[in-house]
Amino acid sequence: MSQTQLVDGTPLPVIAHVSRVVTRVVDRLTGGRVDYPLLVAMACVEALKGFGIQSQVMYGQAAWLEVLENHSVIWAGCWGEHFSFWVATVSGEVVDLNVSVACQKRAHADPSITSIHSPPMLWSREVPAFYRYQPEGVAELDLTDAQDQKKYELVLKEVREKCVPSQLASQIDDSLEFPNEPIICPGRRILDDSRNSFRLFERTLAVRGIPSAPF
């Protein structure tokens, strides 16, 4: 698959396959990917290589809206002295496969805050107003912990085995299998999960509005 085929963004069958494989593999090998955004991003880059698509891991400030138990809306994420990781594809897409589970993690600043909804996973050049990404550079992996290194090697090995063109041979758009999490795809295509998480998230934002972003 050449870069000239990516004028309109990553093909939908590739998005479905990579998002499903990467999230399942990292969730299984780590017990939950919410604490491993860099590993998820690195796995996504490796998966895209299997389909001949160039991408790179970015680091920088990232923020997204979350809905709290009392249905108020706040900005969560990493800014100031903190930073997060996501993927930038050769066609200019922002890819974040961790944001949909971000509400599972308590905020460092106030652990008493409990979120019930996060935005969908993002795979798009068009970034909706409930996300903010400010890249500061290309991330490099430097693992010093033996257990982290082992997880990284296991994740990449499985991703390389499962993310190859032959896996897409019989797939058409109507039968694509995505993760059971909401996701925003190119062309403003929004796919919800079986719990209607995005519909509930969007309904709250429509009532509460979007507060001023932290950066």
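Quantities reported herein were computed from a predicted structural model and do not represent experimental measurements.
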Side chain to side chain contact (heavy atoms under 4.5 Å, CB included) test vs Lys151 passes for just one of Val26, Leu156, Thr30, namely Thr30
Any side-chain donor paired with an acceptor under 3.5 Å for Asp96 and Tyr133?
yes
Taking every heavy atom of Leu38 against every heavy atom of Ala139, the minimum-distance pair comes out as CD1-CB, 4.5 Å
**Asked** With a cut-off of 6.0 Å (strictly less than), are more than 12 heavy atoms of other residues, nucleotides or ligands near CD of Glu140?
**Response** no
Fill in: Side chain to side chain, Pro11 and Phe51, heavy atoms closer than 4.5 Å
no
Glu93 side chain to Thr10 side chain, donor-acceptor N/O pair below 3.5 angstrom: yes
Do Met58 and Phe85 come close enough that some side-chain heavy atom pair is under 4.5 Å? no
Stepwise side chain to side chain contact (heavy atoms under 4.5 Å, CB included) check, Arg195 with Asn180: CA-CA 9 Å; Arg195 299 178 297 276; Asn180 187 24; 3.8 Å; yes
Aromatic contact, Phe83 with Tyr59 (centres under 6.0 Å)
yes
For residues 186-215, the ring pair (Phe, Tyr, Trp, His ring centres under 6.0 Å) pairs (sequence neighbours left out) are Phe130-Phe201
Any donor-acceptor N/O pair, Trp64 side chain to Trp75 backbone, under 3.5 Å
no
| With the threshold set at 4.0 Å, does a side-chain nitrogen-carboxylate oxygen contact exist between Lys49 and Glu46? | yes
Charged N to carboxylate O below 4.0 Å: is that the case for Glu153 and Lys157? no
When every non-hydrogen atom of Ser84 is compared with those of Ala62, the smallest separation belongs to CB-CB, 3.9 Å
For Ser115 and Glu66 the tightest heavy-atom approach is OG-OE1, 2.5 Å
Closest non-hydrogen atoms of Pro179 and Ser19, given as atom of the first, atom of the second and distance, are CD-OG, 3.3 Å
Distance col, row Leu200:CG vs His71:NE2, nearest 0.5 angstrom, shows 9.0 Å
Going by an N to O cut-off under 4.0 Å, is there a salt bridge joining Arg33 and Asp27?
yes
